[in-house]
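Just so you know, residue 1 is the first one in the sequence shown, and it goes up from there.
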Amino acid sequence: MSIKSASSLVNVFFRRQFLSYTGGHGKVWDYFNHLSRSGLCNTQIYFTPDSLLDDSNPWVTNRIAPLAEWSPQEASWLFIAGMDWQAVPENLPTDIPIINLIQHVRHADPAQPLHQFLSRRAIRICVSQPVADAILATGHVNGPVYVIPNGIDVSLVQKPEKKDKQVFIGGLKNPVLAKRIADELRCEGLELDLLIDKVHRDDYLVRLSNAHLAILLPNLTEGFYLPGLESMGVGTPVVMTECVGSDEYAKHQENCLLLLPDQIVSAVLNTKDETWLRLQAAGFITSSHFSLKREFESVLRIIKNLDEIWSEVSLM
């Protein structure tokens with residue numbers, strides 16, 4: 001199997017269990033589009049029977065007809081992420097390359113089910129350098145590891161000329177802390193937009209865009225944490241707690257405030273307007289360096305040489 005021209009497209013199969021929209025699904029959708037756009041691939045996707053096929057699913061809203069059944073042996077390549085590995089047979093023909101997108105440092109944790117798949121033969125793309133460092137440190141990775149920092153596309157969000165006075169609190173992953181911060185700020189008379197339940201992505205981006213300031217509370221072990229970069233992209237200054245993957249783009253006092261939970265309320269109340277404006281401008285510049293175009297160009301360099309790369313991957 002080799003890549004020759006647009007007239008001989010390779011069939012790339014994706015697989016998803018789509019129970020609700022997540023940032024992880026959104027990034028797989030981006031890669032589905034990258035490979036489609038390359039002119040080298042015919043991208044197709046299979047959804048598990050329990051998957052939601054509603055307007056929260058980007059494949060549905062973009063009218064991508066899914067595969068009726070999962071037959072990985074019929075693919076030219078496979079593109080998988082997370083627990084998709086469970087549906088990749090051990091006896092898959094060795095001439096079918098597997099591209100594995102890794103979005104979290106938990107793959108490196110022996111207590112996590114994802115860890116067992118590191119020894120499977122694959123070409124791995126990590127969404128940040130900390131994720132790559134974590135899995136490589138295990139010594140169990142079978143195949144090359146590439147780092148392609150996440151890109152974002154917030155071009156569909158209409159940025160208002162004048163932002164609302166509200167403080168947006170993204171507390172979906174840490175609702176207890178989010179509610180505590182909200183209560184303290186509300187007592188100080190601030191207007192709040194507290195998000196602790198899932199909403200449609202378009203609604204989320206509009207709310208984030210309209211806010212005067214965003215307080216974001218990721219899990220400590222996030223592999224990248226897209227909301228911080230998305231907030232910068234829509235021109236909303238960012239206050240956030242640290243996580244592993246945010247090191248790719250978040251710089252304290254340069255383009256955001258990276259704080260301990262107990263420091264957030266005081267910082268929001270006491271930071272001067274000129275500081276927020278400086279962080280807003282720097283954050284917007286930062287976001288421009290993490291575009292989907294850059295992500296596409298990076299993965300294109302890999303797939304153009306996929307045959308050669310795959311031939312060098314161990315048959316462990």
* Taking 4.0 angstrom as the limit, do Arg186 and Glu191 come out as a salt bridge? -> no
* Asked: Does the separation of the ring centres of Phe14 and Trp59 fall below 6.0 angstrom?
  -> no
* Are side-chain N/O atoms of Asp50 and Thr48 paired as donor and acceptor at under 3.5 Å? -> yes
* Is any side-chain N of the basic residue among Lys27 and Asp30 closer than 4.0 Å to the acidic one's carboxylate O? -> yes
* **Residue pair Cys243 / Thr241, side-chain heavy-atom distance below 4.5 Å** => no
* To do: Answer yes or no on whether Arg16 is positioned over the face of Trp29, meaning its NZ or CZ is under 6.0 Å from the six-membered ring centre and within 45° of the axis.
  => no
* To do: Could you tell me whether the side chain of Val238 reaches within less than 4.5 Å of the side chain of Met232, counting heavy atoms only?
  => yes
* Asked: Side-chain heavy atoms under 4.5 angstrom apart, residues restricted to Ile, Leu, Val, Met, Phe, Trp, Tyr: same cluster for Leu195 and Leu217?
  -> no
* **Ile302 with Ile80, same ILVMFWY side-chain cluster at under 4.5 Å** => yes
* With hydrophobic residues grouped by side-chain heavy-atom distances under 4.5 Å, do Leu52 and Leu19 end up in a single group? -> no
* Under the side-chain contact (heavy atoms from CB on, under 4.5 Å) rule, what do Glu188 and Glu184 come out as? Steps first, then yes or no, please. => CA-CA 7 Å; Glu188 297 292 336; Glu184 293 182 31; over 6 Å; no
* Asked: What about Tyr21 and Leu205, same hydrophobic cluster or not, with Ile/Leu/Val/Met/Phe/Trp/Tyr joined at side-chain heavy-atom distances under 4.5 Å?
  -> yes
* Would you check if the distance from the ring center of Phe79 to the ring center of Tyr31 is below 6.0 Å? => yes
* Answer with yes or no whether the hydrophobic clustering places Ile125 together with Trp310; edges join I, L, V, M, F, W, Y residues whose side-chain heavy atoms lie under 4.5 Å apart. => yes
* Can a donor-acceptor pair be found between the side chains of Glu295 and His34 at a distance below 3.5 Å? -> yes
* Ring-face cation of Arg124 near Tyr146 (centre distance under 6.0 Å, axis angle within 45°) -> no
* Asked: Can Arg106 and Asp109 be counted as an ion pair, charged N to O under 4.0 angstrom?
  -> no
* Side-chain donor-acceptor pair under 3.5 Å between Tyr204 and Glu230, yes or no? -> yes
* Asked: Do Phe224 and Tyr249 make the cut of ring centroids closer than 6.0 angstrom?
  -> yes
* Under-4.0 Å salt bridge between Lys198 and Asp203 -> no
* Between Ser119 and Asn142, is any side-chain donor less than 3.5 angstrom from a side-chain acceptor? -> no
* **No-hydrogen, no-angle side-chain donor-acceptor test under 3.5 Å, Thr43 and Ser36** => yes
